[in-house]
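See below for the structure under consideration.
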There are 2 protein chains.
Amino acid sequence: MARAATTSDAFNAVAEPRRRAILNYLAMQERPVGEIVDSLGLEQPSVSKHLRVLLEVGLVNVRRDGRRMLYRTNAEAIRPLHEWTETFERFWRHQLSRIKERAEGKSNPPKDSGPHFIPRRKHDYDGNKN
Amino acid sequence: MARAATTSDAFNAVAEPRRRAILNYLAMQERPVGEIVDSLGLEQPSVSKHLRVLLEVGLVNVRRDGRRMLYRTNAEAIRPLHEWTETFERFWRHQLSRIKERAEGKSNPPKDSGPHFIPRRKHDYDGNKN
DNA sequence: TTGACATATTCCTATATAGGAATGTATTGT
DNA sequence: ACAATACATTCCTATATAGGAATATGTCAA
């Protein structure tokens, strides 16, 4: 199977950075499509398509004003994401304090060096050809 | 172009529901792959693949313990998502109070009926054939 | 009614999955 | 050294984009 549709839920919809940019832009007040296009520097059809996705998952609302369509972020629909991430808040607090403790006890703090892949042990490189 | 890779950032990685389930499961304590498989009822190769994605974006850490690999959620990596959603918190608070005001002033509260598509006006259906 | 303006949709395509099946790799106990 | 255990990776495929280009649809003004 392929990935779930972008319209399947808010998590999938906001995975696209431009859609997040649009949501940010439309949070304060409603705006017509043209302004989104100009402000974010995207192609008009692209904006329309992103708005369609956002609309389908309820992340934005629309209202017609003459020939323009006024879109606006529906913040309420972002709440589930906020709540999911929130359940991890206490964990990163714990992790931070642990890191702090170490930093105080030693010099040269571990210095998070990005994703930590586990090296394979396939060979020992101990000089023995085996 | 296709959608961005699931490994391009945390937003894309957590769009998949099973990966969120895994993150939830691994938040409290590290666990070997086998336990994830049993507890969440997923196929082992599937779990391994999801873990790989999560590892690449730094959402989990690993550590080897004999023949087992102990994975654990790196809550810190979820923080950016939390912070992004947080910027909308004040908006949904405002929206809620507005809704409350209406609910108190009138009977029949609007009753959120899901995504609100704007009906096309193409035809008026007013009885006139044109 | 016609033209201009504002948006939406369709078509086409390269790319990236996610799942299932099969297989590869690493590590320990004996 | 070998079997068993625990994971990871590869292969294959149906599906879903996201962007660009072209076009359709809707609405207002004269």
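By convention in this document, chain letters (A, B, ...) are assigned in the order of the sequence lines, proteins followed by strands, and residues within each chain are numbered from 1.
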Heavy-atom side-chain contact between B/Ile36 and B/Val47 under 4.5 Å: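 Heavy-atom side-chain distance check passes, below 4.5 Å.
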Looking only at the side chain of [X] (C-beta and beyond, no hydrogens), which of the listed nucleotides [options] gets closest?
{"X": "A/Met1", "options": "D/dT9, D/dT27, C/dG19", "result": "C/dG19"}
{"X": "A/Pro45", "options": "C/dA8, D/dT9, D/dC7", "result": "C/dA8"}
{"X": "B/Glu43", "options": "C/dG20, D/dA18, C/dA8", "result": "C/dG20"}

Verdict with supporting geometry, B/Glu89 and B/Thr85, side chain to side chain donor-acceptor pair (under 3.5 Å): CA-CA 7 Å; B/Glu89 189 168 4; B/Thr85 59; over 6 Å; no
Touch class at under 4.0 angstrom, heavy-atom based, for A/Ser46 against every strand present: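 It contacts sugar-phosphate atoms only.
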Sugar-phosphate only, base, or nothing, as touched by A/Thr6 at under 4.0 Å among non-hydrogen atoms: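 The answer is sugar-phosphate, as A/Thr6 gets under 4.0 Å only of primed atoms, P, OP1 or OP2.
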Roughly, in whole Å, what's the span from [atom1] in [X] to [atom2] in [N]?
{"X": "A/Asn12", "N": "C/dT17", "atom1": "CG", "atom2": "P", "answer": "13 Å"}
{"X": "A/Leu55", "N": "C/dT7", "atom1": "CG", "atom2": "P", "answer": "15 Å"}
{"X": "A/Leu54", "N": "C/dA8", "atom1": "CG", "atom2": "P", "answer": "12 Å"}
{"X": "A/Arg3", "N": "C/dG19", "atom1": "CZ", "atom2": "P", "answer": "12 Å"}
{"X": "B/Arg64", "N": "D/dC7", "atom1": "CZ", "atom2": "C1'", "answer": "8 Å"}
{"X": "B/Met69", "N": "C/dT28", "atom1": "CE", "atom2": "C1'", "answer": "15 Å"}
{"X": "A/His50", "N": "C/dT7", "atom1": "NE2", "atom2": "P", "answer": "16 Å"}
{"X": "B/Glu16", "N": "C/dG19", "atom1": "CD", "atom2": "C1'", "answer": "10 Å"}

Results of side chain to side chain contact (heavy atoms under 4.5 Å, CB included) for B/Thr73 - residues two or more places apart only: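 Side chain to side chain contact (heavy atoms under 4.5 Å, CB included) list for B/Thr73, sorted by chain: A/Phe88, B/Leu23, B/Leu26, B/Ala27, B/Ile78.
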Base of C/dA8 paired with side chain of A/Gln44 (donor-acceptor, under 3.5 Å):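 Indeed there is one.
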Which residue lies more 5' along DNA chain C, comparing A/Leu51 with A/Ala2 via nearest heavy atoms: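 Result of the comparison: A/Leu51.
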Ring-face cation contact, B/Phe11 with A/Arg20, 6.0 Å cut, 45° max: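 Yes, a cation-pi geometry.
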Ion pair check, B/Arg63 and B/Glu30, cut-off under 4.0 Å: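 Yes.
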Residue pair B/Arg19 / B/His50, side-chain donor-acceptor N/O under 3.5 Å: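 Yes, B/His50 and B/Arg19 have a side-chain donor paired with an acceptor closer than 3.5 Å.
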Any side-chain donor near an acceptor of the partner, A/Thr87 and A/Glu83, under 3.5 Å: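 Their side chains do not contain a donor-acceptor pair, so the 3.5 Å distance test is not met.
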Worked verdict on B/Trp84 versus A/Asn24 for side chain to side chain donor-acceptor pair (under 3.5 Å): CA-CA 9 Å; B/Trp84 181 73; A/Asn24 284 332; 3.2 Å; yes
Residues from residues 20-36 of chain B lying under 4.0 Å of DNA chain D - heavy atoms: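 Output list: B/Pro32, B/Val33, B/Gly34.
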Any B/Tyr71 side-chain nitrogen or oxygen under 4.0 Å from OP1 or OP2 of D/dA8: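 Looking at the OP1 and OP2 atoms of D/dA8, one of them is under 4.0 Å from a side-chain N or O of B/Tyr71.
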side-chain N/O A/Arg52 vs C/dT9 OP1/OP2, d < 4.0 Å: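 So the side chain of A/Arg52 is within the cut-off, an N or O lying under 4.0 Å from OP1 or OP2 of C/dT9.
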5′-ward residue of the pair A/Arg67/A/Lys49 relative to DNA chain D: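 Upstream on the strand: A/Lys49.
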